[in-house]
Q: 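Pasting a structure here, questions to come.
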Protein chains: 2
Amino acid sequence: MAAERGLKMTPQRRAIIRFLESTNAHPTPDEVFAAVNVDFPMTSRATVYNTIAWLKEAGMLRELFTPDGVRLDPNFGEHHHFVCRVCNRIEDVGFDLVPNLGICALPNQNSIEEFEITIRGVCANCRAQLSIT
Amino acid sequence: MAAERGLKMTPQRRAIIRFLESTNAHPTPDEVFAAVNVDFPMTSRATVYNTIAWLKEAGMLRELFTPDGVRLDPNFGEHHHFVCRVCNRIEDVGFDLVPNLGICALPNQNSIEEFEITIRGVCANCRAQLSIT
DNA sequence: TTGATTGCAAACGGTTTGCATGGGA
DNA sequence: TCCCATGCAAACCGTTTGCAATCAA
């Protein structure tokens, strides 16, 4: 497993990683806390935050900053995001679905290293709901 | 002025709007609080937050969610952002500089209404600093 | 064994809220 | 005049910190 880089493993960390690997959603730290405590009771919030920081440092986790606070993004591969304006759910969007931006240079000589696209709209689920109503 | 939509104007609101119109940076609410209190002392934090909410509702202000918390984006026109990974400064990037994404449809029937691009890299200033060192 | 990790509870900082006062329309 | 906006201070809530006990290596 990717975390085995000579770093100390604990049952709590294992449980947190297991949960993050199992989801394709974008949980809040508190949702991680709640989920992990279902099958591994007695994991403190502090440990959840510690582990998040540790995983971020190891490059195994990204954070998304949203109007409702931080959300975790355990998806390894490069990807963008779709945000539904109805249910606020975040979906990953494959990097390849978006044509590579033609930007090679900005007018002010800023160097471009990477870019991230957030697409907003209404997800398929919510569209279905809306058309029924 | 754009805020005159039959909404009540107060000296505090005027001062806050004046400051926001004068900057092309992306201040935090607290920076607005500090700046406004220079020329208009006795504007409370609550009023700053109230006014921000009011301006957001009126569509005159966007919020950006960053690792260092909320930043305000008073720029009216559609635009994207460049974030310098060295100084963390945010620069606006003209909408027209980025070729319109060729995305017409996502594979899952999500409807696309808008998109926002965050470009990361090193800004011209910081590049200059770095090459000196 | 030993230093890193843990749980707990307190501290922290940005934001929101409740309420009495004040001021714009 | 009549609400709406204001200032103040307390409440709130997600996150961080300090510390003693525990545990992985």
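The model shown is predicted, which means the values in this text are computed figures rather than measured ones. All heavy atoms count here, side chains included; hydrogens, waters and symmetry mates do not. Naming: A, B, ... by sequence-line order, numbering from 1 per chain.
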Q: Can you tell me the distance, in whole Å, between the CE atom of Met42(B) and the P atom of dG22(C)?
A: 13 Å
Q: Strictly by modelled atom types, are His26(B) and Asn75(B) linked by a side-chain donor-acceptor pair under 3.5 Å?
A: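 Their side chains do not contain a donor-acceptor pair, so the 3.5 Å distance test is not met.
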Q: Is there a side-chain contact between Thr47(A) and the phosphate of dG7(C), meaning an N or O under 4.0 Å from OP1 or OP2?
A: yes
Q: Between C1' on dT15(C) and CG on Leu72(B), what's the gap in Å once rounded to a whole number?
A: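 For the pair Leu72(B) CG and dT15(C) C1', the rounded distance is 13 Å.
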Q: Does a salt bridge link Glu113(A) with Arg120(B), judged by any charged N lying under 4.0 Å from a carboxylate O?
A: no
Q: Is Gln12(B) near enough to dG23(C) that one of its side-chain N or O atoms lies under 4.0 angstrom from OP1 or OP2?
A: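 Checking dG23(C) against Gln12(B), no side-chain N or O comes under 4.0 Å of OP1 or OP2.
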Q: Run the side-chain contact (heavy atoms from CB on, under 4.5 Å) test against Thr66(A) and tell me which residues pass, sequence neighbours left out.
A: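 Thr66(A): side-chain contact (heavy atoms from CB on, under 4.5 Å) contacts with Leu64(A), Asp68(A), Arg71(A), Ile90(A).
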Q: Between dT6(C) atom C1' and Ile16(A) atom CD1, what is the distance in whole Å?
A: 11 Å
Q: Is atom CD of Glu57(B) surrounded by more than 12 heavy atoms (other residues, nucleotides or ligands) closer than 6.0 Å?
A: no
Q: Parallel, tilted or perpendicular: which one describes the rings of Phe115(B) and Phe95(B), with boundaries at 30° and 60°?
A: tilted
Q: Could you tell me how far apart Arg71(B) (CZ) and dT15(C) (P) are, to the nearest whole angstrom?
A: 11 Å
Q: Using a cut-off of 4.0 Å between protein heavy atoms and nucleotide atoms, how would you tag nucleotides 10-25 of chain D 5' to 3' with B, S and -?
A: ----SBBB------SS
